[in-house]
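Would you mind keeping the following structure in view while I ask a few things?
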Amino acid sequence: MVSAPVPLQGGRSNRVWRAGDRVLKLYQPRGGNPLFANDPHRENAALLALAGTGMVPQLLASGRFEGRAWLIYGHITGAPWRQDSGHVAQLLGRLHDQPGFEDLPEGMNGSAALEWQGKAILDQLSTASEPVAQIRGLRPIGQVPPLSQLSLIHGDPVPGNLVAHDGTLTLIDWQCPQLGDPSEDLALFLSPAMQVLYRGEVLSTGEEEAFLAAYPDPGVVGRYLSLKPWYHWRMAAYCLWRSQAGAAQDRRALELELQALKRSISPKKA
């Protein structure tokens with residue numbers, strides 16, 4: 001007998017149910033999210049391309065129902081990531097060494113691209129808004145050039161998309177993989193906004209240091225540190241967009257991201 005579907009909590013973009021050992025995802029219409037795509041084609045392709053690596057759940061079926069895409073994959077008995085940041089860094093390092101696959105868009109690459117994306121988010125908001133003016137005034141200075149060699153990145157490796165089970169980790173919600181700068185995944189995981197939204201608390205200094213020490217490529221870590229102010233600046237713009245769109249929980253996330261941005265710009269004054 002097949003178990004009755006049970007809604008799963010935690011997702012912020014789509015409707016998801018569990019039925020026995022299977023998970024059904026029904027994609028919501030795309031809402032124009034300026035930072036995180038919601039592309040069922042990319043998720044389907046990622047689960048196929050990375051099958052057998054242990055980094056993704058097992059794809060079982062996919063299709064369309066009344067004009068909306070759906071996907072079924074094997075349920076992973078585990079829990080959202082809570083501890084051992086070094087384990088996440090090692091997983092992301094493995095992912096970034098995987099070959100890309102067809103039809104992947106290129107991600108934001110270099111400070112100029114991050115500045116463009118941050119400005120595009122702010123341009124969607126009221127120009128008279130005091131928070132918009134504050135974020136514009138905190139725009140970092142200095143330029144970091146784009147990478148010539150791009151990597152496969154998850155694009156949304158937040159705690160809610162990391163399932164801990166059997167002593168390992170699996171990434172779920174592959175709606176926005178890209179060919180991009182691997183430091184992007186580091187920044188998204190380390191983001192205080194994403195940590196508080198999905199884990200309920202920010203990373204400690206020790207957890208952040210352990211993550212950076214465990215990531216296998218020091219060059220990527222150095223690049224993340226160079227781009228860190230830009231990543232915080234863009235995330236602050238995104239959190240403001242979310243909060244003005246009616247997501248009250250993002251106001252706290254915005255405060256945390258602004259604090260991190262100020263520290264990254266003027267570490268001696270923070």
TODO: Each residue besides I172 in its hydrophobic cluster should be listed here, by chain and number; the cluster joins Ile, Leu, Val, Met, Phe, Trp and Tyr at side-chain heavy-atom distances under 4.5 Å.
DONE: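 Under the 4.5 Å side-chain rule, I172 groups with I76, V163.
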- [ ] Determine whether the side chains of Q117 and Y238 contain a donor N or O and an acceptor N or O closer than 3.5 Å.
- [x] no
Please output the side-chain donor-acceptor pairs of residues 134-143 that fall under 3.5 Å, not counting sequence neighbours, one pair per line with the distance.
unit_1	atom_1	unit_2	atom_2	d
R136	NH2	D123	OD1	2.8
R139	NH1	E115	OE2	3.3
Q143	OE1	S111	OG	3.0

TODO: Check the hydrophobic clustering (I, L, V, M, F, W, Y; side-chain heavy atoms under 4.5 Å; chains of links allowed) and say if L60 and W174 are grouped together.
DONE: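 Different clusters.
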TODO: Name the orientation class of the two ring planes belonging to F189 and F211 (parallel below 30°, tilted from 30 to 60°, perpendicular beyond 60°).
DONE: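 Geometry flag for F211 against F189: parallel rings.
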Open item on the list: Between the side chains of E207 and R199, is the shortest nitrogen-to-carboxylate-oxygen separation below 4.0 Å, so that they form an ion pair?
Closed with: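 Looking at E207 together with R199, the answer is yes, because their closest N to O distance falls below 4.0 Å.
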- [ ] Answer yes if the side chains of D185 and H96 hold a donor-acceptor pair under 3.5 Å, and no otherwise.
- [x] yes
Open item on the list: List the residues meeting salt bridge (Lys or Arg N to Asp or Glu O under 4.0 Å) with R22, not counting sequence neighbours, and say none if there are none.
Closed with: none
Open item on the list: salt bridge (Lys or Arg N to Asp or Glu O under 4.0 Å), that's the test. Do R42 and E102 meet it? Break it down for me.
Closed with: CA-CA 9 Å; R42 277 196 258 169; E102 291 185 2; over 6 Å; no
- [ ] Quickly, which of T53, V88, V56, L162 forms a side-chain contact (heavy atoms from CB on, under 4.5 Å) with L171? Name it, please.
- [x] L162
TODO: Answer yes when E201 and R82 have at least one side-chain N-carboxylate O distance shorter than 4.0 Å, and no when they do not.
DONE: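 Salt bridge present between E201 and R82.
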- [ ] Please state whether the rings of W230 and W233 are parallel, tilted or perpendicular, taking 30° and 60° as the class boundaries.
- [x] perpendicular
TODO: Would you tell me whether S191 and E257 have side-chain atoms, one donor and one acceptor, within less than 3.5 Å of each other?
DONE: yes
Open item on the list: Tell me every residue that passes side-chain hydrogen bond (donor to acceptor under 3.5 Å, both in side chains) with S62, counting only those two or more places apart in sequence or in another chain.
Closed with: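 For S62 the side-chain hydrogen bond (donor to acceptor under 3.5 Å, both in side chains) partners, ignoring immediate neighbours, are N44.
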Task: Donor on one side chain, acceptor on other, Q249 and R242, under 3.5 Å - done: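 Absent: no donor and acceptor within the cut-off.
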- [ ] Applying side-chain hydrogen bond (donor to acceptor under 3.5 Å, both in side chains), name anything that partners E208, two or more places apart in sequence or on another chain.
- [x] K228
Task: Residues in side-chain hydrogen bond (donor to acceptor under 3.5 Å, both in side chains) contact with S183, at least two apart in sequence or another chain - done: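 Checked S183 against side-chain hydrogen bond (donor to acceptor under 3.5 Å, both in side chains); matches are D181, Y231.
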Open item on the list: Can you tell me which residue among R64, E43, R68, R15 is in a side-chain hydrogen bond (donor to acceptor under 3.5 Å, both in side chains) with Y27?
Closed with: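 Exactly one pass, corresponding to E43.
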Open item on the list: For N38 and N33, which I'm curious about, is there any donor-acceptor pair between the side chains at under 3.5 Å?
Closed with: no
